[in-house]
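Proteins get letters first, then strands, A, B, ... in listed order; numbering begins at 1 in each. Scope of the values below: all heavy atoms of this structure, side chains included, with no hydrogens, waters or symmetry mates. All values reported here derive from a predicted model rather than from experimental measurement.
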Number of protein chains: 4
Amino acid sequence: MQKVKVIGAGGYGGVGIVELLLNHPEFEISCLVAKTETGMLISELYPHLKGFCDLPILTPDAPEAQEAFDAVFCSTPDRVGMNIAENELAKGAHVVDYSGDFRFTTEDKYSAYANFIGLNPEHAAPSLLPQTIYGLSELHEITPDQKLAGNPGCFAVSCILGLAPAAASNLVAPKSVICDCKTGVSGAGKKPSPTFHYPARYEQVNAYKLAGHQHMVEIEQELSALAGETIQITMTTQVVPTCRGILSCLYGDLNSTMTASEVLDLYQAFYADKPFVRVLDNKTVIGTAQVSGTNFCNLIVDVDERNNRLRIISHIDNLMKGQAGNALQNMNLMFGLDPMTGLNFPGRCP
Amino acid sequence: MQKVKVIGAGGYGGVGIVELLLNHPEFEISCLVAKTETGMLISELYPHLKGFCDLPILTPDAPEAQEAFDAVFCSTPDRVGMNIAENELAKGAHVVDYSGDFRFTTEDKYSAYANFIGLNPEHAAPSLLPQTIYGLSELHEITPDQKLAGNPGCFAVSCILGLAPAAASNLVAPKSVICDCKTGVSGAGKKPSPTFHYPARYEQVNAYKLAGHQHMVEIEQELSALAGETIQITMTTQVVPTCRGILSCLYGDLNSTMTASEVLDLYQAFYADKPFVRVLDNKTVIGTAQVSGTNFCNLIVDVDERNNRLRIISHIDNLMKGQAGNALQNMNLMFGLDPMTGLNFPGRCP
Amino acid sequence: MQKVKVIGAGGYGGVGIVELLLNHPEFEISCLVAKTETGMLISELYPHLKGFCDLPILTPDAPEAQEAFDAVFCSTPDRVGMNIAENELAKGAHVVDYSGDFRFTTEDKYSAYANFIGLNPEHAAPSLLPQTIYGLSELHEITPDQKLAGNPGCFAVSCILGLAPAAASNLVAPKSVICDCKTGVSGAGKKPSPTFHYPARYEQVNAYKLAGHQHMVEIEQELSALAGETIQITMTTQVVPTCRGILSCLYGDLNSTMTASEVLDLYQAFYADKPFVRVLDNKTVIGTAQVSGTNFCNLIVDVDERNNRLRIISHIDNLMKGQAGNALQNMNLMFGLDPMTGLNFPGRCP
Amino acid sequence: MQKVKVIGAGGYGGVGIVELLLNHPEFEISCLVAKTETGMLISELYPHLKGFCDLPILTPDAPEAQEAFDAVFCSTPDRVGMNIAENELAKGAHVVDYSGDFRFTTEDKYSAYANFIGLNPEHAAPSLLPQTIYGLSELHEITPDQKLAGNPGCFAVSCILGLAPAAASNLVAPKSVICDCKTGVSGAGKKPSPTFHYPARYEQVNAYKLAGHQHMVEIEQELSALAGETIQITMTTQVVPTCRGILSCLYGDLNSTMTASEVLDLYQAFYADKPFVRVLDNKTVIGTAQVSGTNFCNLIVDVDERNNRLRIISHIDNLMKGQAGNALQNMNLMFGLDPMTGLNFPGRCP
């Protein structure tokens, strides 16, 4: 069994990977670290884990946390992982970081991202950037040689998977792309705030960050790389009162006349051997509930033929394919395992 | 007091107008008619009305329902009002119909609508079409001379109000318009179905009617009329698990470079004397909850300046400005009253 | 118009009374005071009020807040109103306080309450206690002579109204009473916390404060006074994931054999002239939704005849009859107005 | 692998057992049968199963459904399983039935139950009654000799597990027991109805079946058997707007003075070797979310020491320990497997 450390274990990203690892045949949770709620057992913070994982939450500098681990998940905010990764890598770990720290492979790209969201534009571990990878294995091959990966943002997963085949085949005009994205509230994390206080959120749907969501940068990076030209999107992020789930409606003006059926074929070919992406036609009746609790991305492929406009409806669970599930998929690949290991389940209904 | 009959009293549109009329200084509920649940008191069907309105629900052919009324609301499905209106008008009533029956002023336009949604394309009362009006008084002047009005569809209200100033000033390319619309579940009406069964809907967000929602026809009619050119939209309707509320994100490619501030000025001028439309800048933090239970439409005006794309976030309560509230606003005007009569309240929070 | 000051205007109890007063024919909102969010307009904090109430939220010591007002609502936590009331009364105001400060008419009773919930047992304004009244006008006559009232706790309203007729007629064994109470989340107020963070609350029902909820003290005080003997209850408070609404199941062992019908008669007689209490038989199909947004208390009266046990299902809106609505009812009476003034509406559905 | 047939596969109880069996090392889903939605693939009806279980839903008389199976789950309404079981048993299957058909071991007991809920009191397969067992293995030993079991009702599981230790030790007065039970909406099954239509249920909490819920009969049967005396309860069933989860507050007058701690010890001893029951003290902060998606029953043990009254808060997932999970636990035991096989997971959070 590979020994795993989770940093940031107390948040939704942390408990999410803990839940998945409990059921994993090759990984074993060995160490939980966080900055808050230290000293508690994880099963005191999350009582559903009682009897399944009763490890204490350690401070980052606890002696037990300094050991060498085989795999390290950094479920931490921006600019935390970049100060941790080097040391963990040196001790031999494979590292998957959930933040923006390792989603960009050059200092320039990182600076552009950091500036966009008002962070310090200087990366703290620039020497690591050449060896990181954007952790979306449907687009980037991840092998055991890979020691470090930047797990994508949740909205980014839904948009990139939804538009990658179109971008790769230059189907749409590069400045015509619109991403209209709706997320459940868990995307905002565990920390209470007036916006996500239950009575305030109950009957509420709203758009936010009109000036630009941080995931826009990586969406444009990935789509532009696939297209070989600059794709510049309009992105509207919205919150709906579910717990989990992202539904993104993705639009783009088709460069030539295409039917929904032609685009469907192209999408199905693109994802033919990607087990977590289901490509579905525009008659399919599904929503976010049909991916809840799973690592799947369900794509409905459509064309508004009156206007010759591509329309993709992309569905993921923001905490799974949008976070912990995708992180485990990456780690599986970094250990040479089948990507579905520990992730091969359909969720539940209702 | 003007005597009011409500046809289709048992549905959400019916109980909605009943609630509003209870508090109205000039209208008095005199007769409730429906096809189902007849014989019950409305307060047995909707127990919150006990002591406020205890009238029976009559069958359409009950003798008491044949009297002359001053105002008649047809909260009925397509092709019901068209068979009722003539008789009610003949008895001297003003009629507001909630369906598509009187939203189109020529037989051709009606046929196009009916064909689009698979209805019989022949209107049953074509002689009334020249005298009806599209009942959105922010765009069409409604006076006491008006005897008949077709109340708009709920999505249509949110999209048309959101795009009317842009259309009227030809701000956007006519085939670039996208309406990405999310509604609460009450928009589907009172009748149970598997899709809206509570456990199935609980953690569910989904797109539906990709092939074209019926409200698209009237949106294109109204915007094209304002623009003096054909505006042809892409519309995506979605259901989110709230009870009430529509949030529509509206996009269009600006014909010339404009700032958000310039567009804001234009919108504020357009709606300067329209009491139910609030035009707000792109820093405003609101959502559907801030119009819940009210007749207001809140518009956030924005431009994605990187892509020179107009973006409007339109918020209404689908059962109020999207249905019964707007119907009362129309009837107020048809009786020469202030449009806000009986509608001048802010809703509640939380 | 009577001039009204609201202290604690920024919380749910504050905005609730503001909403009600907007629609009141005799009261006019003149001054809003709070400790936080001062300087903002109330319509910035609660954007649905825009155009309806755009007064600033003042600090308690702002000069404009020192004027004399006719009516003062203290929507403040325990031990705030007791330091404010004397001064407001001296300036001629009628005062309704929402906290426990004026629910008890002697220092001893206050101390018992304060000790029960771990507060300083010494009242800061003991001289006012003889002139206060427990502000539940269904049990206590409130007239214009009354200058000060302590508005009851939300759970207390639901339990006391549900059990008062039984207590007054000594129907049940005094130690057999169980109050099993469920509240929506708005009962916890506006302040965010991990417990009421949306994702944590979404699919959650839980019991809390098993050791004793603070409202137990006043329930026992009121029921014991009616019964002329000590009634000592078991109370279980629970949170369910609605925004508003309290449903309390109230049980007691009947002292003599009674049918549901006999108890129903007794309850209907008790509340015959109380406009906000509806007494309903055990066939009635209602829930908390049927009182949402209203000042009504709906009581279903039942007897488990197999076990000769009284069972009452009591329904209120915790923010209305359980808070602001009841406070306005009290203030109406303190000004000699009909208690229903500004409160005579049925709510909405759905 | 044991071959499994699921009868009633299209309902929540059917899809629930399908989901569990997908992950089971010894059972294999071989045949799905239902009366409605036949001809569809289960993964068309429940799209989250796509790629996991794509079997067709057969009519009961389809040839493939007549084969011999090792295990049969009857997720069917009352009076269906009793007409099926004999044939399945004859073909060598072990049968677990979800309805009331096999919860009673004599014709008289069945008749009493059937009369209570208005069914035909005559059992259709009386010869099977002596060999059935009430399928709650925490109370009844289930071994491979057992061929037939009646899976308990969901409310019954929560109440019986919560009160069994008290009954077995005669802690409480037999007519003092009150079960105040709240369930999520999925307990009502998959069939749409006005009561469970999303907008009607959204902000709704209500009590129902005051005259007596059908699960009362088996609760009294089981508790009385443990106590050796007749325990006659008052039961109030309520619906809260969650999807899953039952929280039952259970009360009884203690026969002698006991502390919460003493009762806790007694409960912990009673359930010492029962892996799915967690006995927790009255300081524990949990709710239904902490058992959601799992087969656990979490019991908070408390005594209202002022009134010497036992109070137990019992939490289950109504579709798991209250239905499919418990059914699988029974079937595991009937095949000599560890009861936790395929059920040993903690659920997810949030």
Side-chain angles (χ1 to χ4, degrees), chain C residues 175-178 180 182-184 195 197-208 210-212 216 232-236 238-247 249 251 253 260 282-290 292-293 300 302-311 313 315 349-350, chain D residues 175-178 180 182-184 195 197-208 210-212 216 232-236 238-247 249 251 253 260 282-290 292-293 300 302-311 313 315 349-350:
Chain C
K175 290 193 58 174
S176 73
V177 175
I178 295 175
D180 191 285
K182 303 95 198 170
T183 184
T195 309
H197 187 47
Y198 195 86
R201 178 51 48 188
Y202 192 56
E203 179 90 334
Q204 178 71 311
V205 178
N206 71 299
Y208 70 108
L210 294 184
M216 202 161 79
Q232 191 172 288
I233 67 172
T234 295
M235 183 178 189
T236 309
Q238 294 149 79
V239 184
V240 296
T242 63
C243 179
R244 291 169 176 238
I246 288 176
L247 183 148
C249 295
Y251 305 92
D253 296 345
N282 60 13
K283 303 287 180 295
T284 311
V285 177
I286 54 159
T288 54
Q290 279 67 46
S292 186
I300 292 178
D302 184 45
V303 171
D304 173 6
E305 296 183 7
R306 291 196 325 154
N307 289 304
N308 201 39
R309 180 170 288 131
L310 178 72
R311 173 167 53 182
I313 318 290
H315 310 73
C349 172
Chain D
K175 289 193 58 174
S176 73
V177 174
I178 295 175
D180 191 284
K182 303 94 199 171
T183 184
T195 309
H197 188 47
Y198 195 86
R201 179 52 47 188
Y202 191 55
E203 179 88 336
Q204 178 71 311
V205 178
N206 69 299
Y208 70 107
L210 294 183
M216 202 162 77
Q232 190 172 290
I233 67 173
T234 296
M235 183 178 188
T236 309
Q238 294 150 80
V239 183
V240 297
T242 61
C243 179
R244 291 169 177 241
I246 287 177
L247 183 148
C249 295
Y251 304 93
D253 296 345
N282 59 12
K283 302 288 182 293
T284 311
V285 177
I286 54 158
T288 54
Q290 279 68 47
S292 186
I300 292 178
D302 184 45
V303 170
D304 173 8
E305 296 184 7
R306 290 198 322 155
N307 289 303
N308 200 39
R309 179 171 288 132
L310 178 72
R311 173 167 52 182
I313 318 289
H315 311 72
C349 173

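- The candidate from L210(C), V240(C), D253(C) with the greatest count of non-hydrogen atom pairs under 4.5 Å with chain D is L210(C).
- For G287(D) against N206(C), the heavy-atom pair with the smallest separation is CA-CB, 3.7 Å.
- Heavy atoms only, all atoms of each residue included: P199(C) and P350(D) are closest at O-CB, 3.7 Å.
- Of all the listed residues (I246(D), I178(D), I286(D)), the one sharing the greatest number of non-hydrogen pairs under 4.5 Å with chain C is I178(D).
- The backbone N or O of S176(D) sits nowhere less than 3.5 Å from a side-chain atom of N307(C) that would complete a donor-acceptor pair.
- Contacts of E305(D) classified as side chain to side chain contact (heavy atoms under 4.5 Å, CB included), with partners at least two apart in sequence or in another chain: T259(D), A260(D), V303(D).
- Between chain D and the options V239(C), I233(C), T195(C), the largest number of non-hydrogen pairs under 4.5 Å is found for I233(C).
- Of the inter-residue distances, the one linking N308(D) atom CG with K175(C) atom NZ reads 7.5 Å to the nearest 0.5 angstrom.
- Comparing G245(C), C349(C), C249(C), P241(C) by heavy-atom pairs within less than 4.5 Å of chain D, the highest count is held by C249(C).
- Y202(D) approaches T242(C) most closely through the heavy-atom pair O-CG2, 4.5 Å.
- Heavy-atom distances place the side chain of D304(D), and not its backbone, under 4.5 Å from chain C.
- Of the two parts of R309(D), only the side chain, counted from C-beta on, holds a non-hydrogen atom closer than 4.5 Å to a non-hydrogen atom of chain C.
- Contact annotation for I313(D): only side-chain heavy atoms (C-beta onward) come within less than 4.5 Å of a heavy atom of chain C.
- R311(D) and T234(C) share no side-chain donor-acceptor pair at under 3.5 Å.
- The parts of V205(D) that come within reach of chain C are both its backbone and its side chain, each placing non-hydrogen atoms under 4.5 angstrom from that chain.
- The candidate with the highest count of non-hydrogen atom pairs below 4.5 Å against chain D, out of M216(C), H315(C), K283(C), R201(C), is M216(C).
- Going from atom CD of Q204(C) over to atom CG of L247(D) covers 9.0 Å, rounded to the nearest 0.5 Å.
- Contact between R244(C) and E203(D) at its shortest, heavy atoms only, is N-OE2, 2.7 Å.
- Shortest non-hydrogen contact noted between Q238(C) and K182(D) is OE1-NZ, 2.7 Å.
- Proximity to chain C (any heavy atom under 4.5 Å) is restricted, for I300(D), to the side chain, taken from C-beta onward.
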